[in-house]
Amino acid sequence: MSVEKPIFILGAPRSGTTWLGKAFDQHPDLACWAEISNIWMWGNTHKTDDQLTDKDLNPPIKRYIQKRFAEYLEKYHKKRICDKTPRNCLRISFIQAVFPDAKIIMLLRDGRSVINSTKKELNRPKNVPWKEAYSRLKEVPVWEWSVFLPRITSRLKRMVGIPLDYWGARPPGWQEWVNQYSREALLAKQWSETMEIAIAEGRKLPPENYLEIRYEDLVSSPQDKIHEIANFAELDSPEPIINYAMATADPSRTNKWKDSLDPNILQEIKEIMEPTMSKLGYPW
């Protein structure tokens with residue numbers, strides 16, 4: 001089975017990608033796949049960060065990813081596939097090289113909201129999804145287990161209430177930031193570097209392959225924005241997606257950072273974030 005015009009929902013972690021992915025999952029023609037970095041990093045697990053470019057691609061890796069996508073489509077008997085893997089923000093040219101007809105949706109969100117949400121995520125206890133972990137581990141070659149196992153370790157920490165030092169996308173340089181910055185400044189650096197790489201790569205693509213949507217606009221006008229996204233993705237009959245989005249959109253979430261982030265923290269992260277925020281159209 002061939003994979004035609006696969007849809008990719010990208011965005012920095014905590015930018016609303018999970019919510020949009022659930023909306024897309026309502027469409028009867030779509031097979032939605034989430035958080036599959038283990039597949040995207042196949043053959044590149046020696047890398048210490050999440051960035052991949054077309055230079056990291058070779059024919060065996062390309063065939064492997066295309067094969068896995070085709071198998072997933074066939075398994076669920078769907079016409080199209082939708083991938084929601086936020087770390088793919090750092091892999092846009094790689095994705096384009098694997099799937100030249102990819103439809104990439106970049107979900108933008110005010111970086112201050114992202115930091116506010118990520119701080120809560122770092123401290124939130126969470127159960128270890130053993131079934132999911134075992135399923136993923138089976139897909140990883142034995143010689144690459146050493147790369148996959150630390151992700152389970154991070155879940156174990158959260159299960160017992162130990163806050164994580166780092167979580168989410170790993171742009172180049174992330175390991176040095178852990179000891180260099182305060183927690184809030186680290187999150188600001190993570191968000192800024194991730195989005196800088198994402199938009200630099202995404203904005204090189206033709207308009208038929210790349211679309212930027214602001215989370216704030218999406219939750220305030222879900223019907224109009226889902227129509228725009230569906231037209232871009234060449235997706236017929238988007239009503240199930242629209243109905244889900246309209247029923248679950250919560251515009252009140254867009255300004256929670258104003259009550260949660262201390263003014264001193266905002267002052268600390270402003271220098272790191274403001275240039276990127278400006279490129280994305282968010283005034284400080």
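Since the model is a prediction, treat every value here as computed from it, not as a measurement.
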Indicate the atoms forming the closest heavy-atom contact of Ser182 with Glu268, along with that distance. OG-OE2, 2.6 Å
Is there a side-chain contact (heavy atoms from CB on, under 4.5 Å) between Lys78 and Leu30? Walk through the geometry before answering. CA-CA 6 Å; Lys78 302 290 187 176; Leu30 291 179; over 6 Å; no
Donor-acceptor pair, side chain of Gln96 and main chain of Leu205, under 3.5 angstrom: no
What verdict does the side-chain contact (heavy atoms from CB on, under 4.5 Å) test give for Glu212 and Leu107, after you've listed the backbone C-alpha separation in whole Å, the side-chain angles of each residue and the deciding distance to 0.1 Å? CA-CA 6 Å; Glu212 292 182 358; Leu107 198 55; over 6 Å; no
Does the side chain of Leu211 come within less than 4.5 Å of Phe232's, by heavy atoms? yes
Ile199 side chain near Tyr210 side chain, heavy-atom distance below 4.5 Å: yes
Determine, for Asp49 against Arg170, whether the closest basic-nitrogen to carboxylate-oxygen distance falls under 4.0 angstrom. no
Measure the spacing between CG of Asp224 and CG of Leu218 and express it to the nearest 0.5 Å. 10.5 Å
Ring-face cation contact, Trp191 with Arg112, 6.0 Å cut, 45° max: no
Hydrophobic cluster mates of Leu90, side-chain heavy atoms under 4.5 angstrom, ILVMFWY only, any path? Ile197
Rounded to the nearest 0.5 Å, what separates atom CG in Leu187 from atom CG in Asn116? 10.5 Å
Does Lys279 come within less than 4.0 Å of Glu196, counting only side-chain N to carboxylate O? yes
Give a yes or no answer on whether the side chain of Ser192 reaches the backbone of Ala188 with a donor-acceptor pair at less than 3.5 Å. no
Within this structure, what is the CD1-CD distance for the pair Ile104 and Glu201, rounded to the nearest 0.5 Å? 10.0 Å
List the atom of Trp33, the atom of Ile39, and the distance in Å for their closest heavy-atom pair. CH2-CD1, 3.3 Å
Check this for me, if you would: do Lys5 and Glu234 make a salt bridge, where the nitrogen-to-carboxylate-oxygen distance has to be below 4.0 angstrom? yes
Would you say that Tyr76 contacts Ile81 through its side chain, given a criterion of any heavy-atom pair below 4.5 Å between the two side chains? no
Decide whether Trp40 and Thr85 meet the rule of one side-chain donor and one side-chain acceptor closer than 3.5 Å. no
So CZ of Arg68 and CG of Asn38: to nearest 0.5 Å the spacing works out to 7.5 Å
Separation between NZ (Lys84) and CG (Asn88), nearest 0.5 Å, reads 10.5 Å
Keeping the roles fixed (side chain from Ser117, backbone from Val114), state whether a donor-acceptor pair exists under 3.5 Å. no
If two hydrophobic side chains count as joined below 4.5 Å and joins carry through other members, does Ile9 share a cluster with Met106? no
Between Asn209 (side chain only) and Ala102 (backbone N and O only), is there a donor and an acceptor less than 3.5 Å apart? yes
Quick one: does any side-chain atom of Trp174 pair with a main-chain N or O of Lys189 as donor and acceptor, under 3.5 Å? no
First locate atom CG of Asp25, then atom OH of Tyr244, and finally report the distance between them rounded to the nearest 0.5 Å. 9.0 Å
For Glu274, does its backbone N or O pair with a side-chain atom of Ser278 as donor and acceptor, under 3.5 Å? no
Ignoring hydrogens and angles, state whether a donor on the side chain of Ser37 or Arg91 is under 3.5 Å from an acceptor on the partner side chain. yes
Would you check if there is a donor-acceptor pair between the side chains of Ser15 and Arg109 at a distance under 3.5 Å? no
Under a 3.5 Å distance rule, please check whether His27 uses its side chain to pair with a backbone N or O of Asp236 as donor and acceptor. yes
Would you find a donor on one side and an acceptor on the other, under 3.5 Å apart, between the side chain of Ser2 and the backbone of Glu4? no
What are the two closest non-hydrogen atoms of Leu186 and Val178, and how far apart are they? CD1-N, 4.0 Å
Do Ile229 and Leu10 belong to the same hydrophobic cluster, where Ile, Leu, Val, Met, Phe, Trp and Tyr are linked whenever their side-chain heavy atoms lie under 4.5 Å apart, directly or via other members? no
Treat each ILVMFWY residue as a node, draw an edge where side-chain heavy atoms are under 4.5 Å apart, and state whether Ile92 and Leu108 are in one component. yes
Output yes when Lys67 and Glu71 qualify as a salt bridge under the 4.0 Å nitrogen-oxygen rule, no when they do not. yes
Trp257 to Ser113 - nearest heavy-atom pair and separation: CD1-OG, 3.1 Å
Is there a continuous path of hydrophobic side-chain contacts, each under 4.5 Å between heavy atoms, that joins Leu52 to Val98? yes
Nearest heavy-atom contact between Met277 and Pro283 is CE-O, 4.3 Å
For the pair Val219 and Arg253, evaluate side-chain contact (heavy atoms from CB on, under 4.5 Å) and give the outcome as yes or no after the intermediate values. CA-CA 9 Å; Val219 295; Arg253 297 172 63 88; over 6 Å; no
Is Trp42 linked to Phe69 within one hydrophobic cluster, defined over Ile, Leu, Val, Met, Phe, Trp and Tyr using a side-chain heavy-atom separation of less than 4.5 Å? yes
4.5 Å side-chain heavy-atom contact, Asn44 and Phe94: yes
Hey, does the Lys NZ or Arg CZ of Arg214 hover above the aromatic six-ring of Tyr282, less than 6.0 Å from the centre and inside 45° of the axis? yes
So do Asp217 and Ile213 actually touch side chain to side chain, heavy atoms under 4.5 Å? no
Verify the distance criterion only: is there a donor paired with an acceptor across the side chains of Glu74 and Tyr72 at less than 3.5 Å? no
Determine, for Phe8 and Lys103, whether the Lys NZ or Arg CZ falls below 6.0 Å from the six-membered ring centre while staying within 45 degrees of the axis. no
What verdict does the side-chain contact (heavy atoms from CB on, under 4.5 Å) test give for Lys47 and Asp56, after you've listed the backbone C-alpha separation in whole Å, the side-chain angles of each residue and the deciding distance to 0.1 Å? CA-CA 10 Å; Lys47 292 178 65 70; Asp56 296 300; 4.1 Å; yes
Between Cys89 and Ala12, what is the shortest heavy-atom contact and its length? SG-N, 3.7 Å
If we ignore hydrogens and angles and just use 3.5 Å, is the side chain of Gln190 paired with the main-chain N or O of Ala169 as donor and acceptor? yes
Report yes if the side chains of Pro6 and Cys82 come closer than 4.5 Å at any heavy-atom pair, otherwise no. no
